[in-house]
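Everything below concerns the one structure shown next.
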Amino acid sequence: MELTNLIFEKAPIALVTVNRPKALNALNVRVVEELAQVLRDVRHDPAVRAMIITGAGDRAFVAGADIAAMTEMSTVEGLEFCRLGHRVMQSMEELPIPIIAAVNGFALGGGLELAMACDMIVASDKARFGQPEINLALIPGFGGTQRLPRRIGHPRARQLILTGDMIDARTALEWGLINQVVAPDQLLPAARQLAEKIASKSPITVREAKAALIAAATMTEDAGLKLEQQAFGVCFASADRVEGTRAFVEKRDPKWQGK
Ligand code: DAK
């Protein structure tokens with residue numbers, strides 16, 4: 001499928017830009033399908049070590065699902081869209097490489113859900129966050145009712161989802177929703193710096209750490225602790241673990257093989 005709504009720059013630090021600035025980068029079926037395609041592509045390419053997602057223009061990351069497109073949808077089409085969205089958010093969460101959301105403006109509704117499916121969120125000081133679906137007689141449909149309370153706790157998640165109010169980047173940082181706030185011109189450099197730092201680690205270890213961290217958000221503590229033991233075992237059995245520990249003892253930089 002030709003990408004018409006996303007700009008995809010494939011590189012060791014891949015960059016995906018949602019490119020519908022006139023509609024504040026709102027997510028329609030096509031955008032979500034294109035995202036699914038990009039994820040399939042990077043998943044099987046060991047040269048890609050991290051990914052950054054951002055929005056085109058200076059107003060929005062993603063202002064939600066495309067409301068105009070939704071008015072045309074039948075119930076069945078709406079449900080299909082919801083399922084497609086859930087599949088894509090889950091594949092982002094399960095992607096073996098880290099994804100950083102670089103939030104350059106509004107991250108609302110499906111836009112905040114997209115950002116929350118990433119591993120970390122870096123925001124410009126102009127960014128605004130919210131789940132305003134309630135104003136449309138909807139509730140979050142791409143995982144927001146589950147991911148938001150896990151990230152910021154129940155009282156604040158209820159406040160955002162039940163009032164539809166937006167919060168600014170400083171409040172989002174204070175609430176633990178995002179990792180960093182920077183000036184708009186520093187957004188992509190800051191996201192890239194974070195991505196490069198993670199990409200400099202052993203890819204096998206990054207993959208296992210990410211899997212264990214996802215378990216912390218999705219499983220019971222007991223199941224998560226078991227998964228951590230398996231993930232630790234995979235790391236310990238790797239050639240990179242031998243190299244990492246040897247390099248430390250020999251006082252040199254490690255050379256990762258990803259094995
Ligand atoms: N969809 C489509 N177009 C949008 C849009 C959106 N979400 N948000 C903005 N736009 C368009 C506007 O219609 C306008 O288009 P033109 O009139 O210029 O053609 C253009 O972007 C600029 O927007 P504004 O003129 O409104 O700009 P302002 O600065 O005045 O306001 C705003 C910016 C972000 C505060 C405002 O645009 C706004 O409130 N936008 C809607 C935000 C929102 O409610 N987002 C949540 C969408 S609901 C589902 C699964 C998931 C979901 C739903 C269903 N399935 C089960 C089917 C998720 C739902 C959502 O995300």
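Keep in mind that what you see is a predicted model, and the values were worked out from it rather than measured. All ligand and atom numbering here is 1-based and tracks the order in the structure.
Not a single heavy atom of R128 sits under 4.0 Å from any atom of ligand 1. The closest approach between a heavy atom of G85 and any atom of ligand 1 is not below 4.0 Å. At least one heavy atom of M70 sits under 4.0 Å from some atom of ligand 1.
No part of L27 comes within 4.0 Å of ligand 1, judged by heavy-atom distances. Only side-chain heavy atoms of A26 come within less than 4.0 Å of ligand 1; its backbone N, CA, C and O stay farther off.
Atom 35 (C) of ligand 1 has M166 CE, 3.8 Å as its closest protein atom, hydrogens excluded (heavy atom only). Protein heavy atom closest to atom 21 (O) of ligand 1, with residue, atom name and distance, is K22 O, 3.3 Å. R59 NH2, 2.3 Å is the protein heavy atom nearest to atom 29 (O) of ligand 1.
Comparing A65, A69, P21 by heavy-atom distance to atom 52 (C) of ligand 1, the nearest is A65. If you check each of G143, A63, G64, A60 against atom 42 (C) of ligand 1, the one with the closest non-hydrogen atom is A63. The option with the heavy atom closest to atom 32 (C) of ligand 1, from among F142, F106, F81, is F106.
By the 3.5 Å distance cut-off applied to N or O atoms, I67 is counted among the residues near ligand 1. Residue G110 places at least one N or O, backbone or side chain, under 3.5 Å from an N or O of ligand 1.
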Exercise for review: Could you check K126 against D58 for side-chain contact (heavy atoms from CB on, under 4.5 Å), going step by step and ending with a plain yes or no?
Suggested key: CA-CA 9 Å; K126 297 231 159 51; D58 57 2; over 6 Å; no

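Under 4.0 Å is where a charged nitrogen must lie from a carboxylate oxygen, and between E34 and R30 at least one such pair does.
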